[in-house]
Amino acid sequence: MAEEQTNGFKSGSNLEKMLRSGNFTVTGELGPPQGADPKEIAHKAGFLKGVVEAVNITDNQTAIVRMSSIGSAVLTMAAGVEPTVQMTCRDRNRLAIQSDLLGAYAVGARNLLCLTGDHQCFGNHPTAKNVHDLDSIQLIRMVKNMRDEGIFECGDAIKGEVPRFLIGAAINPFADPFDYRPYRLAKKVAAGVDFVQTQLIYDMPRFREFMKRVVDMGLHEKVYILAGIGPIKSVGAARYMRDKVPGMIVQDVYVERMQASIANIPKEDKAGRRDAQQNEGIKMCIEQIQELREIEGVAGVHIMAIEWEEAVRPIVEGAGLLPRPQV
Amino acid sequence: MIVGEQKSLEEILGLLGDAKKVLVAGCGTCVTVCFAGGEKEVGILSSALRMKSELDGHPIAVDEVTVQRQCEWEYIDPLKERLAEYDVVLSLACGIGVQAMNERFPNIITLPGINTTSLSLPVEQGVWEERCQACGDCVLGITFGICPIARCSKQLMNGPCGGSQNGVCEVDPSIPCAWQLIWDRANMFGQMERLLEVQPPKNWGQSRDGGPRKIVREDLRLTERE
């Protein structure tokens with residue numbers, strides 16, 4: 001009966017329809033403000049409207065307090081963009097998560113990304129207590145059981161309408177132990193994930209190797225894999241990601257290309273150097289999309305351009321992916 | 001074992017307030033072995049308190065005592081007679097010892113002189129690493145003898161997060177990634193498939209989250225209770 005009601009879709013979201021259609025799918029990301037102004041969401045969503053299928057709304061990313069993902073998702077929908085609510089295990093226990101999911105579904109959210117969450121020591125409340133009642137894999141299974149079995153984590157039946165989310169997760173092919181990473185994806189698949197988005201890819205050979213193993217295990221037939229990319233804004237940003245961010249691998253070529261982009265522009269020409277770096281960042285992203293489209297098992301790309309949402313349209317357009325297909 | 005670290009002299013002096021006569025009470029068990037609150041540390045801290053309070057112009061008379069175990073009635077009961085002469089007791093035992101003193105001798109306040117930090121293993125002289133969180137539901141049997149509850153910064157039960165790199169935790173490069181260690185041991189025994197099973201949510205009701213824990217062994221009790 002559920003199948004009839006939903007035409008066979010799990011959530012009926014735009015993102016789900018696009019993934020199922022077999023079209024190369026594009027998702028984006030939106031970082032809510034560190035304040036309560038709704039206009040900021042509308043402003044950022046404006047850059048992404050018609051450019052991507054759905055937009056991840058981060059949940060206190062890097063453990064810095066921001067407008068809630070669900071609240072921001074409501075504003076995103078009002079701006080005509082489909083949100084993917086992010087939910088971390090860092091800040092909520094199983095009661096809070098389930099309650100928030102009922103609320104998120106009731107206000108119209110249909111996509112959910114299940115995350116462990118960055119450790120609070122990186123954010124602006126390092127003395128906070130973290131929760132981690134569940135881990136991301138247990139969260140995935142809980143959301144699936146809510147949707148497909150109509151039950152809460154405790155086994156009690158959900159009364160009335162059941163929240164039917166398209167369930168997403170993150171995977172990081174660049175973290176260690178590398179040999180374990182495809183198995184971790186397999187665990188997320190076993191737990192019930194529908195789509196995954198990867199960590200930012202700045203090491204294409206390693207990503208290829210990861211995908212080869214994933215395809216050998218047949219996982220690409222069980223889950224939609226969106227390759228994570230992001231435009232680099234400056235030489236400094238490239239270096240910072242290469243040298244300082246845990247769980248990231250940035251090949252030197254990305255830093256070198258950013259450096260080369262400003263090699264012939266005098267230091268005084270600050271605007272010229274900024275533009276040259278930004279153009280190079282966008283160009284590298286476009287080239288990455290072209291490479292990723294050729295890799296077996298890649299269903300699309302997830303473009304992370306936090307605080308630089310304007311860059312997403314030129315990237316998607318440059319990759320020949322506009323206009324987005326209607327499904 | 002239970003591991004602690006002495007509080008700063010400033011904090012201790014702040015806690016002592018205007019006490020004139022203080023008994024510094026050490027413990028001969030865990031905190032002796034971790035060099036935080038045994039007889040030797042009691043002596044050093046007592047001297048420091050005498051000198052600093054003298055310099056500050058408000059001298060405190062400090063006496064010293066160390067009992068074998070501050071967490072057992074039979075070892076602290078002999079202190080009863082001498083406590084009346086002090087304004088306050090400064091205990092260098094763990095939090096259990098401090099509370100035992102306050103419970104047994106309610107007419108005098110016993111203050112903590114150390115911070116009880118963890119259940120740790122002295123991996124080498126002078127280095128203690130946390131190994132147990134006393135979660136009440138031991139998982140070591142399914143994690144190849146390495147505890148992700150105590151040793152993973154996010155207490156994950158289903159493998160490493162995306163912040164594990166080069167064998168260390170994203171929180172601090174001095175923390176080995178517990179799941180890297182677990183994976184390595186699974187590989188060593190050729191039993192990687194045991195890590196592929198999805199572990200269900202943990203029963204935190206057996207940990208502190210379920211409220212203060214208590215064990216009653218009727219077979220061991222000497223007095224019958226209702």
Side-chain angles (χ1 to χ4, degrees), chain A residues 62-63 88-90 93-94 97 115-122 126 130-142 144-145 153-154 169-193 198-200 217 228 244-249, chain B residues 133 135 137 139 142-144 146 148-188 190-210:
Chain A
T62 63
T88 72
C89 298
R90 178 195 56 224
N93 68 8
R94 61 192 82 174
I97 292 176
L115 302 166
T116 302
D118 298 317
H119 196 273
Q120 74 277 5
C121 70
F122 296 112
N130 60 18
V131 181
H132 298 298
D133 176 24
L134 307 176
D135 61 33
S136 59
I137 290 175
Q138 294 160 348
L139 171 58
I140 290 165
R141 177 158 285 178
M142 182 174 82
K144 184 183 193 301
N145 285 339
E153 177 58 43
C154 62
I171 53 168
N172 187 356
F174 310 104
D176 290 321
F178 180 62
D179 288 339
Y180 180 69
R181 291 295 152 183
Y183 294 105
R184 183 151 167 89
L185 174 58
K187 281 185 88 162
K188 292 191 175 183
V189 169
V193 79
T198 78
Q199 167 67 291
L200 286 163
M217 290 166 74
K244 300 276 188 220
V245 182
M248 282 194 80
I249 298 178
Chain B
Q133 284 257 312
C135 74
D137 184 18
V139 300
I142 55 172
T143 58
F144 293 88
I146 292 152
I149 303 303
R151 301 184 66 183
C152 167
S153 298
K154 300 174 182 175
Q155 302 191 316
L156 303 181
M157 279 301 298
N158 280 292
C161 75
S164 171
Q165 214 164 32
N166 304 317
V168 300
C169 174
E170 66 177 17
V171 167
D172 189 316
S174 73
I175 304 169
C177 170
W179 277 101
Q180 174 80 56
L181 298 174
I182 294 167
W183 175 250
D184 289 347
R185 256 175 91 70
N187 270 277
M188 194 172 126
Q191 297 179 11
M192 290 82 83
E193 76 287 347
R194 284 180 55 195
L195 298 182
L196 302 185
E197 194 184 321
V198 175
Q199 295 300 330
K202 192 169 160 61
N203 175 7
W204 296 107
Q206 287 174 250
S207 80
R208 238 297 303 172
D209 302 276

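Below, read A as the first sequence line, B as the second, and so on, with proteins coming before strands; counting in each chain starts at 1. Nothing here was measured: the structure is a model prediction, and the numbers come from that model.
B/Asn166 touches chain A through backbone and side chain together, each having a heavy atom under 4.5 Å away. If you measure heavy-atom distances from A/Asn93 to chain B, you find no contacts under 4.5 Å at all. Only the side chain of A/Asn172 comes within less than 4.5 Å of a heavy atom in chain B; its backbone stays farther off. Only the side chain of A/Arg181 comes within contact range of chain B, with heavy atoms under 4.5 Å apart. For a residue to count as touching a neighbouring chain, one of its non-hydrogen atoms must lie under 4.5 Å from one of that chain's; by this rule B/Lys154 touches chain A with backbone and side chain alike. Heavy atoms of B/Pro160 lying under 4.5 Å from chain A belong to its backbone as well as its side chain. For a residue to count as touching a neighbouring chain, one of its non-hydrogen atoms must lie under 4.5 Å from one of that chain's; by this rule A/Phe122 touches chain B with the side chain only. In this structure, chain B has a heavy atom under 4.5 Å from the backbone of A/Met248, while its side chain stays farther away. Neither the backbone nor the side chain of A/Gln120 comes within less than 4.5 Å of any heavy atom of chain B.
Considering only heavy atoms from C-beta on, B/Lys202 comes within 4.5 Å of B/Val139 through its side chain. Residues B/Trp204 and B/Gln155 have side chains in contact (heavy-atom distance under 4.5 Å, counting atoms from C-beta outward). Looking at B/Cys152 and A/His132, their side chains never come closer than 4.5 Å, going by heavy atoms from C-beta outward. Counting heavy atoms from C-beta on, the side chains of A/Tyr183 and A/Met217 come closer than 4.5 Å. B/Met192 is listed as a side-chain neighbour of B/Trp183, based on a closest heavy-atom distance under 4.5 Å.
For A/Lys187, there are no salt bridge (charged side-chain N to carboxylate O under 4.0 Å, His left out) partners two or more places apart in sequence or in a different chain.
Among the candidates B/Leu195, B/Asp209, B/Val168, the residue making the largest number of heavy-atom pairs closer than 4.5 Å to chain A is B/Leu195. If you tally non-hydrogen atom pairs under 4.5 Å between each of B/Ser164, B/Gly162, B/Cys169, B/Cys177 and chain A, the highest count goes to B/Ser164. Counting heavy-atom pairs under 4.5 Å between each of A/Asp118, A/Val245, A/Ile171, A/Val131 and chain B puts A/Asp118 at the top. Chosen from A/Met142, A/Glu153, A/Lys188, A/Gln199, the residue pairing most often with chain B at heavy-atom distances under 4.5 Å is A/Glu153.
Formation of a donor-acceptor pair under 3.5 Å by the B/Arg185 side chain with backbone atoms of B/Phe144 is found in this model.
Checking B/Asn158 against A/Asp135 by side-chain atom types alone, a donor-acceptor pair falls below 3.5 Å.
A/Thr116 OG1 to A/Leu134 CG: the interatomic distance, rounded to the nearest 0.5 Å, is 10.5 Å.
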